[in-house]
Amino acid sequence: MKRYRKEYEALDKQHLWHPFTQMREWIASPQLVIERGQGVYLFDTEGNRYIDGVSSLWTNIHGHRHPALVRAIRQQLAKLEHSTFLGLTSVPAVELAEKLVAIAPRNLTRVFYSDNGSTAVEIALKMSFQYWRQQGKEFSRKQKFISFANAYHGDTIGSVSLGGVDLFHKIFKPLLFKSFKVFYPDCYRCPFGKQPDSCDVYCLKEFEATLKKHEREVCAVAVEPAIQGAAGMLTAPRGFLKRIETLCRNHNVHLILDEVATGFGRTGTMFACEHEQVAPDFLALAKGLSGGTLPLAATLTTSEVFEAFLGEYTDFKSFFHGHTYTGNPLACAVAAASLDLFRTEKTLQKLRPKIRYLAQRLASFWGLQHVGDIRQAGFMAGIELAKDRGSRIPYPAAERIGHAVAMEARRRGVILRPLGNVVVLMPPLSISHSQLKRLLDAAYESIDAATKGTQCVALSSVVARDQESVRASE
Ligand SMILES: *Cc1c(COP(=O)(O)O)cnc(C)c1O
């Protein structure tokens, strides 16, 4: 018997607890119940259609229910749904590993599976830690990590320990291990008063100093390449990642790249590290790995790291970590099919004009008075709204301006999930030109509608200026 939307909504509010959600507000507000997906669209139980403007939290690549992905799951389901990866292997898990190694930076030859981005990073931390312990001698003193301000590496305790988004992490501080936190580029509010095209990544000086001082205690550096997603889509200037890589090599510490968000084409190349030809010691992958269909993650590493774990059984050098659903065959089969689609549908080639169009259209958003900054890394974009653009005064959290924009977008048939005052645009890579146009039109109108009348009288004389004059005036 078909239930009505109201029943689902009521039952949800009675029994469910949603992530990163103030449930009192959730319960007090009307909620969409999603029933179906097709291509770039999601449909609610009433049959209303929405463009999935954030790829279902940055996961979807080829659109919802892509026939090739549905087929891959069906075909695998006809053979095997799951068997353990502890003591056994499986066909799809092997095939996917072969494909991943083929597209990853060349030094990465080993694949360790898990189920989500947090564990993919957690595994890299533990592998690096254990690697140095097993090197013995002075290396066993390497027990700490360096990570970046505003970093987001997931929600497990190890990943949170490296995280730097205070809003998410502060309350758990007593539970966390200490790590060295260093400055990540924040060009919109550069504390050094530099410009991204001429700064020569000045803000890495702190990282360099910390690394020099503590290299004997540090196992690894963890970083989100090109762009920090959850921090509010903060883009790093060119040269940032390469410099980090060089410093890591010179100071004998591992480099962990968290490409959970940036992986699988989001920045225009398969992995963001390709833009600067950086080869990390660990590469953490999740979100887009399965094309946005099933939970799957992978931590890739080098044969050098791998070989340090080889020994006699009784040396107990094994990597003692694993999850019950490690290497799930359905997830691996669909991930392999998703990688095949990149080739057969020329996903990355077709993405290039869309990235250009996105950049072009985003430039017109400067026409909106409360757009403070526009950041883009390939097909990942963030529009930061400011109460007063000239002086970069942010909207107070209580105004929930990002949320207001998302609600306006819903009325225009678009699902968005903002990060504070930053409106995030990250549609499936497969979105068509006309769908992308509609998404951008809706985003523009929604920002306009939500920010109108939000400024105080004293600021009403601030006129819309383009980026150049804003930067020049300060
Ligand atoms: C989403 C995200 C994670 C965490 O992934 P989950 O699958 O949510 O655990 C880690 N790192 C980055 C960069 C992310 O964007």
Side-chain angles (χ1 to χ4, degrees), residues 17-21 54-61 112-126 145 147-165 167-169 172 176 179 181 184-185 220-236 240-241 244 255-267 270-273 275 278 280 282-300 321 323 325-326 328 331 334-335 338 375 377-382 417-420 422 424-426:
W17 192 342
H18 288 260
F20 286 96
T21 301
V54 289
S55 299
S56 293
L57 238 301
W58 317 357
T59 59
N60 196 285
I61 305 277
F112 193 100
Y113 291 122
S114 58
D115 332 311
N116 61 74
S118 311
T119 54
V121 174
E122 191 99 9
I123 284 161
L125 302 183
K126 287 175 76 176
F145 298 89
S147 61
F148 287 82
N150 300 315
Y152 179 74
H153 297 294
D155 295 331
T156 58
I157 294 299
S159 308
V160 173
S161 296
L162 295 201
V165 183
L167 175 68
F168 304 165
H169 299 152
F172 299 114
L176 309 179
S179 78
K181 296 274 183 330
Y184 189 93
V221 174
V223 62
E224 292 157 87
I227 182 168
Q228 279 188 331
M233 315 299 272
L234 298 180
T235 48
F240 171 73
L241 200 60
I244 292 176
L255 175 58
I256 300 171
L257 291 190
D258 178 352
E259 293 230 27
V260 170
T262 53
F264 304 101
R266 292 280 169 202
T267 68
M270 189 55 95
F271 301 111
C273 61
H275 295 290
V278 165
F282 299 93
L283 182 65
L285 303 172
K287 291 195 169 99
L289 171 57
S290 67
T293 56
L294 288 168
L296 181 67
T299 307
L300 274 60
H321 184 116
H323 300 282
Y325 280 97
T326 293
N328 175 259
V334 72
S338 170
R375 299 184 285 268
F379 222 40
M380 299 172 74
R417 170 91 184 169
L419 292 159
V422 179
V424 174
L425 297 178
M426 212 196 286

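Both counts, for ligands and for their atoms, begin at 1 and track the order of listing.
Contact annotation for Glu224 and ligand 1: only side-chain heavy atoms (C-beta onward) come within less than 4.0 Å of the ligand. In Trp58, the part holding a heavy atom less than 4.0 Å from any atom of ligand 1 is the side chain. With a 4.0 Å cut-off on non-hydrogen atoms, Asn116 touches ligand 1 through its backbone as well as its side chain.
Put simply, the side chain of Thr299 never gets that close to the backbone of Ala124: no donor and acceptor are under 3.5 Å apart. Judged by distance alone, the side chain of Ser147 and the main-chain N or O of Gly163 form no donor-acceptor pair under 3.5 Å. Checked by atom type and distance alone, the side chain of Thr21 pairs as donor or acceptor with a backbone atom of Pro19 at under 3.5 Å.
In this structure, Tyr152 and Phe20 have perpendicular ring planes: the angle between them is above 60°, well past the 30° mark.
Looking only at protein heavy atoms, the nearest one to atom 2 (C) of ligand 1 is Lys287 NZ, 2.5 Å. In terms of protein heavy atoms, atom 9 (O) of ligand 1 is closest to Ser118 OG, 2.5 Å. Closest to atom 5 (O) of ligand 1 among all protein heavy atoms lies Gly117 CA, 3.2 Å. If you check which protein heavy atom lies closest to atom 11 (N) of ligand 1, you get Asp258 OD2, 2.6 Å.
Only one option out of Val223, Ile244, Leu241 pairs with Val278 in a side chain to side chain contact (heavy atoms under 4.5 Å, CB included); it is Leu241.
With ligand atoms numbered from 1 in the order given, ligand 1 contributes 10 (C), 11 (N) to contacts under 4.0 Å with heavy atoms of His153. Below 4.0 Å from some heavy atom of Gly154 lie the following atoms of ligand 1, by number and element: 4 (C), 10 (C).
Aromatic rings from Tyr113 and Tyr325 are positioned such that their centres are separated by 6.0 Å or more.
Defined by atom type and a distance below 3.5 Å, a donor-acceptor pair is present between the side-chain atoms of His153 and Asp258.
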